[in-house]
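Data block below; observations after.
The figures that follow rest on heavy atoms only: side chains count, while hydrogens, waters and symmetry mates do not. Just so it is clear: chains get the letters A, B, ... in the order the sequence lines come, proteins before strands, and each one is counted from 1.
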Number of protein chains: 2
Amino acid sequence: MNKELLCQIYSHPLIGETELEKIIQAHRKVSFKKGAFILEEGEVSNSYLILENGLMRSFAHNYNGTDITTDFFSNQEIVIEVLSLFQRIPSRENIRALTDCDCWEIKFDTFQELFHSIPGFSEWGRLWMTNRLFHFKQRSVEMVTISAKDRYLQLIKEKPQIVLQSPLKYIAGYLGITDTSFSRIRKEISQEH
Amino acid sequence: MNKELLCQIYSHPLIGETELEKIIQAHRKVSFKKGAFILEEGEVSNSYLILENGLMRSFAHNYNGTDITTDFFSNQEIVIEVLSLFQRIPSRENIRALTDCDCWEIKFDTFQELFHSIPGFSEWGRLWMTNRLFHFKQRSVEMVTISAKDRYLQLIKEKPQIVLQSPLKYIAGYLGITDTSFSRIRKEISQEH
DNA sequence: TAGAATTCTTGCCATAAGACAAGTTCGGCT
DNA sequence: AGCCGAACTTGTCTTATGGCAAGAATTCTA
């Protein structure tokens with residue numbers, strides 16, 4: 001069992017060595033083929049994943065049925081649908097592998113047990129939530145204060161793996177524009193070299 | 001001490017009567033005058049508030065100094081800057097009273113103690129975080145999939161207090177448009193009756 | 001209560017992005 | 001290798017929203 005990635009993910013000043021070991025033991029390795037669904041609309045999520053390598057995307061459906069990419073998950077990130085997992089309600093989102101993926105999975109029940117028995121772990125969890133919250137808050141502001149072109153340039157800088165591995169239409173959706181506009185923006189950028 | 005509001009806020013299946021009492025006791029009443037700062041950029045937030053009545057807004061500053069309204073807090077809501085409070089780092093946001101406000105305050109240290117000693121309380125906290133996360137995720141999607149006009153109509157329906165009590169320019173900022181465009185949208189709506 | 005300052009509205013023109021439709025290229029399957 | 005469908009590009013026209021500036025209305029404050 002390659003513990004390095006998990007050690008890194010769960011590193012926190014209040015989590016000691018034995019506790020870290022216990023947390024890591026709670027994970028088991030799982031793989032997904034390109035195109036596999038990790039979570040489907042209507043299911044209650046029952047675990048989360050730590051993505052060792054590969055790319056996934058989460059998406060929901062519009063009132064008129066259009067598919068909206070809400071997020072990408074790439075290397076070393078936690079793949080989770082927070083609302084469904086923690087509120088035990090059916091998910092309104094789908095999560096799907098864009099490439100073959102290797103992951104570490106932890107079940108909700110196991111997580112729950114550790115969350116309440118290891119104080120450092122609940123701190124860790126809150127810290128993680130805090131970061132996600134910040135991420136989405138920031139994103140909601142940037143979606144209107146920054147032009148689509150600049151959001152794209154920012155994505156290239158911050159998460160190049162996405163741009164390299166995802167079909168363009170999903171990136172367009174994530175940026176909040178149509179694939180048509182996205183194509184034009186890419187053209188414009190390439191012409192500036 | 002009027003406990004009703006606090007009882008309601010902290011109601012959770014895993015929080016028993018004595019524990020609820022303990023949580024409520026940890027709050028003290030505070031008031032703010034219109035225009036008062038609850039939190040200023042650069043400060044580390046040291047408590048959060050439960051807003052009994054009044055309206056507040058949080059805002060950050062752009063790279064070019066423009067003031068961006070990131071959120072409103074109205075009756076019965078929790079007024080908090082999560083990132084600063086839980087990561088103990090200087091806030092990049094300001095929180096300011098738009099009207100006179102009555103609140104219940106709880107200090108970080110006290111909260112922290114309760115968070116780790118009452119299992120139901122950490123569950124409650126996680127649940128709250130989950131809801132906020134959902135809120136901002138939703139918002140980041142809606143900022144680009146829904147027109148400014150529809151976002152405004154939605155705001156009127158969901159949080160009429162804001163529309164009634166806040167200067168229009170802040171609402172415009174929150175909707176992600178200029179006050180000029182907002183004025184036109186309002187005109188258009190009023191002409192449809 | 002007058003004057004100043006802020007907030008809000010309006011006009012004119014510019015620009016980013018969407019809608020739709022017709023190609024073109026790419027990638028998976030047999 | 002060759003075909004088919006999906007993914008991507010491009011053209012033309014439309015629409016939502018922004019930028020700037022001037023004027024009207026509101027509100028603060030002395």
Practice task
Would you mind reading off the distance between A:E188 atom CD and D:dT10 atom C1', rounded to a whole angstrom?
Solution key: 15 Å
Close N or O pairs between protein and nucleotides 3-8 of chain D (under 3.5 Å):
{"unit_1": "D:dA7", "atom_1": "OP1", "unit_2": "A:K169", "atom_2": "NZ", "d": "3.0"}
{"unit_1": "D:dA7", "atom_1": "OP2", "unit_2": "A:K169", "atom_2": "NZ", "d": "2.6"}
{"unit_1": "D:dC8", "atom_1": "OP1", "unit_2": "A:L168", "atom_2": "N", "d": "2.9"}
{"unit_1": "D:dC8", "atom_1": "OP2", "unit_2": "A:L168", "atom_2": "N", "d": "3.2"}
{"unit_1": "D:dC8", "atom_1": "OP2", "unit_2": "A:K169", "atom_2": "N", "d": "2.9"}

Practice task
Looking only at non-hydrogen atoms, find the nearest pair between B:R96 and B:G35 and report the distance.
Solution key: NE-O, 2.8 Å
Problem - Between C:dG27 (C1') and A:L98 (CG): distance, integer Å - result: 16 Å
Exercise for the section: State whether A:R132 and A:D71 are salt-bridged, where the test is any N-O pair (Lys NZ or Arg NE/NH1/NH2 against Asp/Glu carboxylate O) under 4.0 Å. Expected result: yes
Completion exercise
The side chain to side chain contact (heavy atoms under 4.5 Å, CB included) partners of B:D102 (sequence neighbours excluded) come to B:S31, B:E52, B:N53
Exercise for the section: Would you mind checking if A:R92 and A:E81 are paired as a salt bridge, meaning a charged N to carboxylate O distance below 4.0 Å? Expected result: no
Practice task
For B:G54 and B:N75, work out which heavy atoms get closest and say how close.
Solution key: N-OD1, 3.2 Å
Exercise for the section: Using distance alone, with no hydrogens and no angle criterion, decide if A:E21 and A:Q25 have a side-chain donor and acceptor under 3.5 Å apart. Expected result: yes
Fill in the blank from the handout: When rounded to whole Å, the CG to C1' distance for the pair A:D150 and D:dG18 reads 15 Å
Problem - Evaluation steps, side-chain contact (heavy atoms from CB on, under 4.5 Å), between A:M56 and A:C103 - result: CA-CA 11 Å; A:M56 296 181 176; A:C103 313; 3.8 Å; yes
Handout entry: Closest non-hydrogen atom pair, A:R126 against B:F111
Key = NH1-CE2, 3.2 Å
Please tabulate the protein-to-nucleotide N/O contacts below 3.5 Å involving nucleotides 13-19 of chain C, giving atom names and distances.
{"unit_1": "C:dA17", "atom_1": "OP1", "unit_2": "A:A148", "atom_2": "N", "d": "2.9"}
{"unit_1": "C:dG18", "atom_1": "OP2", "unit_2": "A:T178", "atom_2": "N", "d": "3.1"}
{"unit_1": "C:dG18", "atom_1": "OP2", "unit_2": "A:T178", "atom_2": "OG1", "d": "3.1"}
{"unit_1": "C:dG18", "atom_1": "OP2", "unit_2": "A:S181", "atom_2": "OG", "d": "2.6"}

